[in-house]
Amino acid sequence: MQTTEMTLEDHLKKHFGFSQFKGRQKEVIESVLSNNDTFAIMPTGGGKSLCYQLPALILDGTAIIISPLIALMKNQVDSIRSFGTNDNIAHFLNSSLNKTEIAKVKQDVVNGETKMLYLAPESLNKEENLDFLKSVKISFVAVDEAHCISEWGHDFRPEYRRIKEMVKGISTTIPVMALTATATPKVQSDIQKNLGMTDANVFKASFNRANLFYEVRPKIDPIKQLIRYIKENEGKSGVIYCLSRKKVEEIASSLQVNGIKALPYHAGFDANTRSKNQDMFLMEDVDVIVATIAFGMGIDKPDVRFVFHYDMPKSLEGYYQETGRAGRDGGEGRCIAFYDYKDIEKLEKFMNGKPVAEQEVGRQLLDEVVSYAETSISRRKFLLNYFGESWDEINGEGANMDDNSINPKEKIEFRDNMLKVMKVITAMKERFKSKHIVNVLIGKNSSEVQTYRHNTIPEFGIGKDVDAKLWMAAIRQAAVQGLFYKDIENYGLVKFTEAGKAFIANPPESYVIYKDHDYTSQIDQNAEELAHPKPGGSTMDEVLFGMLKDLRKKLAKQKNVPPFVIFQDPSLQDMANQYPITNDELHNIQGVGQGKALKYGKPFIELIAKYVEDNDIDRPQDMVVKSVVNKSGRKVYIIQSIDRKAPLDDIASAKGMEYSELLEELEHIVDSGTKVNINYYIDDVIDEDKQEEVFEYFMEAETPDIETALEELGSDDYTEDELRLMRIKFMSEVAN
Ligand code: ADP
């Protein structure tokens, strides 16, 4: 019974302790209380849960809440229980419960204690559950994460499709409520049709997150960009999303070795690690989480200041949800995505094994992602348009909060060309997608063009003089500006809006568009420059290099070791390039490990600091990124095995390496400044006198070269492997 003397506000206060409704909560709740089918579309954090929780508490009977994930259900139930005194008020019924637990849940429902019963669609499918639900009073059914119903959503779950059938099986008169945080107009229409609620009251909150700043950058040296950004924003919390678990771990390690407090998170970790890493982020013991999209559901850290997309996501819905985790407190929230078309091609390849219909949807969603990335118009406008919302880029809330608005691109007059586009669309009776329209414009004989014999219409090729990319950009921009829309029933067909028809009837004097970004050529150009540095482009400071060599010679004499033991040439060259003047910076130099920096570093950084000061050198502001390549899994395994004193041949065979390959890896390890102690092995395979002789040789040698050593010491007495082992020992003990 809904009519009590208490107002809704009283109920809100009583059950949740809040004094006011948020956004459109009240309207939604009133609609449910009046037994109407109700559809609430609210952005993440909008307070959707309360929209079904409060009516469930007020109405007679038990509300069924359908939710896709067991973990989410548990969170929800815990959170409602935290508001009340009676734990039986909410339960979930799913495969994680045993028989006794199930019996208890059912008993509580029968007793009328349970107001909310969470179910996964699979459980709703089970005969015994259906029979049970038929026998009790149900107040209404709420379908949470309702976008899972539509294959045009980013999170399609086939089992969601059967919900309507199941609900009708329980009773044909229970009101249905749908809730989602993401729905394009197409998805919205799918949900309503599928749940049989086309007459529902629809409440759609604005998706505009005015405090978020959107930016897309070409994916050039992304790790460096990340490190720089995070260092410049020290102490702020952020999330970095990547598509693969492997990338997540790689990036987290790269950040860690560069002194950033970061942890990885993905579904491949066990539950303990996941919750530990998540807690450390929430408690601010780490600043950055590198994650797959598994991270974020149900996480409510209000002050996430940046969200990076290391890889472009598979859909704009995903993108919007993930960026939505920034700035939930209304404060700063920077959303930066790295874009490289090659990543999109990879995603397309992954889809190849899937059913054709699914591929088709996947490609369209990806197309939207590409359009978003490459567009030069306000990103906020683009996104909001995607979700069916119009927004004014001049006066709208959040204007000038994206890279494109801040750095507008040059405009191109396009009035006559736009009229050509419209001519083609009209000729083809508004029944084709933009790609086909463009093919007709540029006169391309694609198979579809031939099938429809569009190469015979007079409009074929009327836009030959304009590039296909520009035509695509123009059609997209016109759609965002409201001249076209995409048909919902046949997704993607370009149709005229009223404004579009008016444009044809009465063309404006001028109509301008922006050219899209061309990130691909920027990325290619960068790769080209890296592969072929300009002659004379080496920035090594020859004078400094000479001074460093002199210093090395002097120290070598003092310490009575060969110069290469102190630093090898590549290290000095790198110093003459990067001008390290602190210990930290010295660590970033090639071949300089901790031991070496401590043992020999001080005079070098002193010399460089003085040199920089005396000559007024502008040190490269460019971040030096320490690479984790040296810490690859294989290397870590080798170092750990040596710590355990495992025989080297065993280590090699365990990793499927030739013995000589292992030696090579060990040489890399010691040459980059790490100590390893292989005496236990050497003592077994080389006798003591020989060891001493080789050690002394290296102590006097001019070069650490093995060939030279073999010549000097005589290949009759020593094998190459022996010398290599001894050199590893020598470098470890003396140099590192
Ligand atoms: P959504 O599911 O839409 O992402 P939630 O239901 O998790 O959002 O709500 C987000 C937060 O807002 C929660 O912490 C919730 O307790 C809080 N909240 C919901 N309604 C109100 C309200 N009327 N007043 C204050 N806080 C609210």
Side-chain angles (χ1 to χ4, degrees), residues 6-33 38-58 63 65-84 89-90 92 115-116 118 142-148 153-155 177-183 187-188 191 202-209 211-212 239 278 282 293-304 307 317-331 333 387 389:
M6 288 171 76
T7 64
L8 274 184
E9 276 80 4
D10 294 336
H11 281 291
L12 179 68
K13 185 88 198 162
K14 175 179 155 210
H15 293 292
F16 296 95
F18 302 136
S19 37
Q20 271 182 348
F21 287 102
K22 248 193 192 177
R24 306 188 70 179
Q25 275 176 336
K26 189 171 179 183
E27 295 164 82
V28 174
I29 292 167
E30 281 170 340
S31 165
V32 179
L33 289 177
T38 306
F39 189 4
I41 310 167
M42 296 179 173
T44 308
K48 277 183 297 300
S49 327
L50 202 132
C51 292
Y52 58 79
Q53 289 166 349
L54 196 63
L57 291 168
I58 296 175
I65 324 291
I66 297 170
S67 174
L69 291 176
I70 295 187
L72 278 185
M73 265 182 227
K74 188 167 175 331
N75 280 349
Q76 291 280 3
V77 168
D78 287 345
S79 117
I80 309 159
R81 287 178 179 167
S82 72
F83 281 105
I89 198 126
F92 53 80
K115 305 301 291 177
M116 279 161 262
Y118 285 78
V143 182
D144 203 3
E145 313 290 347
H147 58 270
C148 293
H154 61 297
D155 199 11
M177 178 180 195
L179 304 111
T180 175
T182 140
V187 173
Q188 182 180 326
I191 293 172
V202 179
F203 301 93
K204 186 166 182 174
S206 169
F207 273 56
N208 189 11
R209 294 279 310 276
N211 60 316
L212 300 189
V239 182
Q278 181 175 313
L282 293 176
I293 49 172
F295 181 78
M297 293 214 197
I299 287 176
D300 198 0
K301 185 166 167 46
D303 56 350
V304 171
V307 169
E317 282 114 307
Y319 173 79
Y320 204 70
Q321 277 207 328
E322 286 140 29
T323 54
R325 299 192 176 114
R328 287 171 79 156
D329 56 3
F387 291 111
E389 205 172 318

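Start at 1 and go down the list; that is how both ligands and their atoms are numbered. Since we're looking at a predicted model, the values are computed, not measured.
Using cut-offs of 30° and 60° on the angle between ring planes, the pair Tyr320 and Phe387 is tilted.
In terms of the salt bridge (Lys or Arg N to Asp or Glu O under 4.0 Å) criterion, residue partners of Glu9 (sequence neighbours excluded) are, by chain and number, Lys26. Every residue two or more places apart in sequence or in another chain was checked for a side chain to side chain donor-acceptor pair (under 3.5 Å) with Thr323, and none qualifies.
Here the shortest heavy-atom pairing between Gln188 and Ala183 reads N-CB, 4.2 Å.
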Check: every ligand 1 N/O to protein N/O pair under 3.5 Å:
| residue | atom | partner | partner atom | Å |
| --- | --- | --- | --- | --- |
| ligand 1 | 3 (O) | Gly46 | N | 3.3 |
| ligand 1 | 3 (O) | Gly47 | N | 3.1 |
| ligand 1 | 3 (O) | Lys48 | N | 2.9 |
| ligand 1 | 3 (O) | Lys48 | NZ | 2.7 |
| ligand 1 | 4 (O) | Gly45 | N | 2.6 |
| ligand 1 | 6 (O) | Lys48 | N | 3.4 |
| ligand 1 | 6 (O) | Ser49 | N | 3.1 |
| ligand 1 | 6 (O) | Ser49 | OG | 2.6 |
| ligand 1 | 8 (O) | Gly47 | N | 3.1 |
| ligand 1 | 12 (O) | Lys22 | NZ | 2.9 |
| ligand 1 | 20 (N) | Gln25 | NE2 | 2.9 |
| ligand 1 | 23 (N) | Gln20 | O | 2.8 |
| ligand 1 | 23 (N) | Gln25 | OE1 | 3.0 |

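Glu389 places a side-chain N or O within 3.5 Å of a backbone atom of Phe207 that can act as its donor or acceptor partner.
Counting only residues at least two apart or in different chains, salt bridge (Lys or Arg N to Asp or Glu O under 4.0 Å) contacts with residues 65-75 comprise Lys74-Asp78.
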